[in-house]
Amino acid sequence: MEIEPFVVIHPETGEVMKVMNAKIADPKLAEAGRLRIEWAESRMPVLMALKKKHQESKPLRGMRIAGCLHVTKETAVLVRALRAAGAEVSWSGCNPLSTQDDVAAALADDGVSIYAWHGMNVDEFYWCIRKTLEMKPTLTLDDGADLIFTVHKEAPQLAADILGGTEETTTGVHRLRAMAADGALRYPVIAVNDAETKWDFDNVYGTGQSSIDGILRATSVLLAGKHFVVAGYGHCGRGVAMRARGMGAQVIVTEVKPTAALKATLEGFNVMTMDEAAHIGDIFITATGMKDVIVKRHFESMKNGAIVCNTGHYDCEINLEQLAALSDRSREVRPNNREHVLAGGRSIYVLADGRLVNLAAAEGHPSEVMDMSFANQFMSMLRLAREGRDLEKKVYDIPPAQDEEIARVKLETMAIAIDRLTPEQVKYATDYSAGT
Ligand SMILES: NC(=O)c1ccc[n+]([C@@H]2O[C@H](COP(=O)([O-])OP(=O)(O)OC[C@H]3O[C@@H](n4cnc5c(N)ncnc54)[C@H](O)[C@@H]3O)[C@@H](O)[C@H]2O)c1
């Protein structure tokens, strides 16, 4: 398919005012987008400090970064920082429903090459990714690995000039590690997701708060007293379960991993199988990164009025094809909330078409938490620009020193001081000759 880049035409004279190297929903939203981005900047002190530190020396000069990551106000702060450090950037969203159109308009207006709009279809989604590859990137930045997969599948010749890439989320990192193990990875990747200052904060507190935010915006229901089923008690699931409990819900957890199920039990959650939970739950959320977590037999035993949503990366956790086959009809009852009426008259409500509810129905993670995730992205881009040529074609972890540094600066910006080990304490920690 071929979609023309955006041409802005003067409403009265009909004159072509601007040809944007972009395809977005509406350039008139740029001012609203700028306000949103400025708000996020005021909440992201670590990334802003990195931007300030590197805007003179421009360590990313000569770098062409193709990015495929949710187009939110926080992402825009990252894009601005990368450009300030000298990079040329071309961007697409990593989910058809997560683009904030005003933010995309603001970035396009600032001259960023961006291909993203809310509500695109799957063909358009991949068209956008391909457009960003036209710049022949030297670095790639992914959330879910769709960009890197597109390079490998459709444009492997580009890999020779790519110094490295980064990956933002759990699902993407799992797949890239599998590729590296098979010897199929064509350039080094840094697993930003696996930084402690990412997964232990963004996945937990970010997904926890923003998924509840998405559910509330799409339903406006009372959580207190509801049976709230969380599938998956990993980082994201734990965050959602904690926040739902905090709002008075009776939280049930389903798991496949014994240690995770045990943790949830000892945290005081009710753990059971999805088969058992299906007929008890009022609200269901999947956070597993796995397909077919909620399927036909679960829909068949759900209560009338049950609400179902997902916060895992892909929209395969809830089997919506099977729900459609069980449904007589469906209609959108509120934005991001579709009622499916089953044969027999029961209704099941699906939020955000089974896509990430926090990004599709709300605004994604709060800026404060993305501050640390994107500081990791920024520092990883600097590292790849500097050392990418010398790295192997495998998946690298974030160096622990980077985690420490980001956490330290974050604490400073929160005016929180912590103790330091004395030299005697450091010695004590490694002194194997000391007894009781
Ligand atoms: N919504 C967001 O903004 C956001 C943010 C970060 C990560 N993610 C995505 O959320 C998903 C989960 O990420 P995570 O960091 O929590 O991963 P994780 O590996 O820490 O946790 C996933 C958990 O799900 C469990 N699980 C797997 N299959 C299951 C099944 N069939 N039933 C019940 N439990 C099952 C696993 O045992 C594991 O404990 C991934 O797809 C990730 O990419 C989304």
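Whatever order the structure lists them in is the order used to number ligands and atoms, beginning at 1. Hydrogens, waters and symmetry mates are skipped; everything else that's a heavy atom, side chains included, is used.
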List ligand 1 atoms under 4.0 Å from [X], heavy atoms only on the residue side.
X: Gly232; value: 24 (O), 25 (C), 33 (C), 34 (N)
X: Met290; value: 28 (N)
X: Thr169; value: 6 (C), 7 (C), 8 (N), 9 (C), 42 (C), 43 (O)
X: Gly289; value: 11 (C), 40 (C), 41 (O)
X: Thr254; value: 33 (C), 34 (N)

Around [atom], find the nearest protein heavy atom and jot down its residue, atom name and distance.
atom: atom 35 (C) of ligand 1; value: Thr288 CG2, 3.5 Å
atom: atom 30 (C) of ligand 1; value: Val256 CG1, 3.5 Å
atom: atom 16 (O) of ligand 1; value: Cys236 N, 2.8 Å
atom: atom 15 (O) of ligand 1; value: Thr170 OG1, 2.7 Å
atom: atom 44 (C) of ligand 1; value: Thr311 O, 3.2 Å
atom: atom 3 (O) of ligand 1; value: Asn358 ND2, 2.8 Å
atom: atom 21 (O) of ligand 1; value: Gly234 CA, 3.2 Å
atom: atom 25 (C) of ligand 1; value: Glu255 OE2, 3.3 Å

Does the side chain of [X] pick up a donor-acceptor pair with the side chain of [Y] at under 3.5 Å?
X: Asn376; Y: Gln402; answer: yes
X: Ser113; Y: Ser90; answer: yes
X: His313; Y: Thr171; answer: no
X: Asn21; Y: Tyr115; answer: yes
X: His70; Y: Thr75; answer: no
X: His365; Y: Asp202; answer: yes

Would [X] count as being in polar contact with ligand 1, using the rule that some N or O on each side must be under 3.5 angstrom apart?
X: His235; value: yes
X: His174; value: no
X: Gly312; value: no
X: Tyr314; value: no

Thr197 and Lys410: CA distance, side-chain angles, deciding distance, side-chain contact (heavy atoms from CB on, under 4.5 Å) verdict: CA-CA 10 Å; Thr197 44; Lys410 188 74 179 173; over 6 Å; no
Shortest non-hydrogen contact between [X] and [Y], atoms and distance:
X: Arg243; Y: Gln209; result: CG-N, 4.0 Å
X: Ile212; Y: Val240; result: CD1-O, 4.3 Å
X: Val103; Y: Thr72; result: CG1-O, 3.5 Å

Answer yes if the ring centres of Phe378 and His54 are under 6.0 angstrom apart, and no otherwise.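 Yes: the rings meet the under 6.0 Å criterion.
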Checking side-chain hydrogen bond (donor to acceptor under 3.5 Å, both in side chains) for the pair Gln377/Glu168: CA distance, chi angles, key distance, verdict? CA-CA 8 Å; Gln377 283 285 5; Glu168 171 78 8; 2.9 Å; yes
Ligand 1-proximal atoms of [X], by part, heavy-atom distance under 4.0 Å:
X: Thr171; result: both
X: Met274; result: neither
X: Ala287; result: backbone

Applying a strict 4.0 Å limit to heavy atoms, is Arg238 in contact with ligand 1?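 Flag not set, Arg238 not near ligand 1.
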With side-chain contact (heavy atoms from CB on, under 4.5 Å) as the test, would you mind laying out the steps for His152 and Leu185 before giving the verdict? CA-CA 8 Å; His152 280 68; Leu185 194 60; 4.0 Å; yes
